[in-house]
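Just below is one structure, and these are the notes that go with it.
Here is the naming used below: chain letters follow the sequence lines, and residue numbers restart at 1 for every chain.
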Number of protein chains: 2
Amino acid sequence: MRMGRPREFDAETALDKAMEVFWRHGYEGATIAQLTDAMGINPPSLYACFGNKEGLLKAALDRYTKLRGAWMDEVVAARTARDVAERMLMGIADKQTDPANPPGCLLVQGGIACGTGSENVPFELAARRAQNEDQLRDRFVRAKAEGDLKPTSDPAALARYVSAVSVGMGVMASSGADREALRQVADVAVQAVEAQSARE
Amino acid sequence: MRMGRPREFDAETALDKAMEVFWRHGYEGATIAQLTDAMGINPPSLYACFGNKEGLLKAALDRYTKLRGAWMDEVVAARTARDVAERMLMGIADKQTDPANPPGCLLVQGGIACGTGSENVPFELAARRAQNEDQLRDRFVRAKAEGDLKPTSDPAALARYVSAVSVGMGVMASSGADREALRQVADVAVQAVEAQSARE
DNA sequence: CCATATATGTAGTGTTCACTACAGATGTGG
DNA sequence: CCACATCTGTAGTGAACACTACATATATGG
C-alpha cells in the first residue's frame, strides 16, 4: 500500500533505454542528459528511482545479466563441452552483431578503464563477467567428471579461455567486425576445446 | 635551426608518462591535470607540443606501437604458425601483467566506448590493433604457402582469432587476472592453431 | 475533504573539465 | 646588443558535468 503520487514511467522500460546508452557510450561517456532523454524522464525522477548514475548502471547491469541468464542456461545445457563452447561463441557472434542492440557486450563496453571517482565501475563489470565464467567452469567440471573432457584438462582454464574469447569478440564487434568475421573466430576457438575433448 | 626559447622537457619521456595515464584511466578518464602532473609540465606546454588531448593520445599510441613493433617482429619470426601464436600469446600474458606498466593493453584500456565528441578514439585504437592483426595474417598466409598450415586453413580467420584472444586477455589482466591465469588461457588458445597445423 | 507522502518539471547549484590569454623568460639570427 | 620567435608559469575562460531545491501535481489513509 504505497502512498503518494504514483510513478508515471515504467522502471524496466526506462532501464532498457538506459542500458542502451551505457552500452553505446560507456559509463563515463554517457551523460545524465543523454540518459534522461533516452528514458523519457527528468533528472529528479532518475535520482529518486536509482539513487545516482552508478546506481542506474548497476540496475542496468542487473537487468542485462538477468536477460542473458536465461540464454546462458541454454548454453550450458548443451550435450558436450565442445557443444557448450560452440553454442556460447556462435551465440555471442550473433548477439554482438544484432542490429537491435549496440554492437559488442555491455559488460565490456560499459567501462574497462575509468577515471578517478569511478574506479569501481570496471570491477563491477568484471564481477558480472566472472559469474558467466563460473557457470562455464562448473559445466566443464561436470564434463570432465563425465569423461567428456580429457582427464588432463583444466576446466577452470577452459572456462577462462572461452570467457576471454567472448570478450575479445565483443571488442571486435564494437569496432566494426561483422557477424561472419566473428563466426570465423568462434569456429577457430571451438577447436581448442575440441582438442581437450576425449577421443570418441 | 629552430628559433625561440628551447623546450625544457623531453617529449618522449613526457609521452611515456602520458601513455601510462591513458593506459590506467582510459582516454576519457584521464584528465589534463593528471596528464600534465605526470608529465611534469604545465598545460600550455602540452598544447604547444601535442595540439590537444586527442593529439597527445595519438602521439602516445604512436610511441606505444613503435615500442611494440620490435617485439611483434620477433613474434612473427618464429618458425611455425603454432610457434608464432605461442610466442605472441605467452608474451602478452607476461607483458600485460608486467608490474612496470599498468595492467592490460593500452590499445584496449585507452577507450573501447567513448562519449560524444570522442567517437573516433575507439576507431583510432581499433586501427592500431588491426595493424597487428594484419602482420599476423601475413605471417599465417606464408605459413599456409609453406605447408605449415593445412590447405583448408584460413589465415585471416586465424589472425583474427589470435588477435581476439589477445584483447580478451588484456581485459582480464586489467581486471585483476594474474600471469599464471593468462598463461593458462594462452596455452589453451594455442591448441586451436595447432589444430590448423599440418600433421607431421 | 483534509493531512500526508511521493512524483514531476523547471530551473538552477557548485564543481570539474579541456583549453587559453597574457606576461615574462630564454634562446637564435643579424 | 637588439629584434624576434618560441617556451613557460600563472591564472583564468566558458562549457558541460552530476546532481538538487523547490514549487506543484497526484495519489493514499482516515
Whole-Å distance separating the [atom1] atom of [X] from the [atom2] atom of [N]:
X: A/Met39; N: C/dG9; atom1: CE; atom2: P; value: 13 Å
X: A/Asn42; N: D/dC19; atom1: CG; atom2: P; value: 16 Å
X: A/Leu57; N: D/dA18; atom1: CG; atom2: P; value: 13 Å
X: A/Glu28; N: C/dA18; atom1: CD; atom2: P; value: 11 Å
X: B/Leu46; N: D/dT8; atom1: CG; atom2: C1'; value: 13 Å
X: B/Ile32; N: D/dG12; atom1: CD1; atom2: P; value: 20 Å
X: B/Leu35; N: C/dC19; atom1: CG; atom2: P; value: 11 Å

>> Do B/Leu61 and B/Met19 make a side-chain contact, defined as non-hydrogen atoms from C-beta onward lying under 4.5 Å apart?
In response: no
Check: [X]/[Y] side-chain N/O donor and acceptor closer than 3.5 Å:
X: A/Gln34; Y: B/Thr116; result: yes
X: A/Asp154; Y: A/Gln196; result: no
X: B/Gln96; Y: B/Asn101; result: no

Shorter than 3.5 Å, N or O on both sides, protein versus nucleotides 4-7 of chain C: list them out with atom names.
{"residue": "C/dT6", "atom": "O2", "partner": "A/Arg5", "partner atom": "N", "Å": "3.1"}
{"residue": "C/dA7", "atom": "O4'", "partner": "A/Arg5", "partner atom": "O", "Å": "3.2"}
{"residue": "C/dA7", "atom": "N3", "partner": "A/Arg5", "partner atom": "NH1", "Å": "3.4"}

> Within the pair B/Tyr47 and C/dC19, is there a side-chain N or O less than 4.0 Å away from OP1 or OP2?
Replying inline: yes
> Pick one: which of B/Val167, B/Val165, B/Val171 meets side chain to side chain contact (heavy atoms under 4.5 Å, CB included) with B/Met169?
Replying inline: B/Val165
>> Between A/Asp148 and A/Arg142 (salt bridge meaning N to carboxylate O under 4.0 Å), is one present in this structure?
In response: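 A/Arg142 and A/Asp148: not salt-bridged.
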> Closer to the 5' end of DNA chain C via nearest nucleotide, is it B/Lys53 or B/Pro44?
Replying inline: B/Lys53
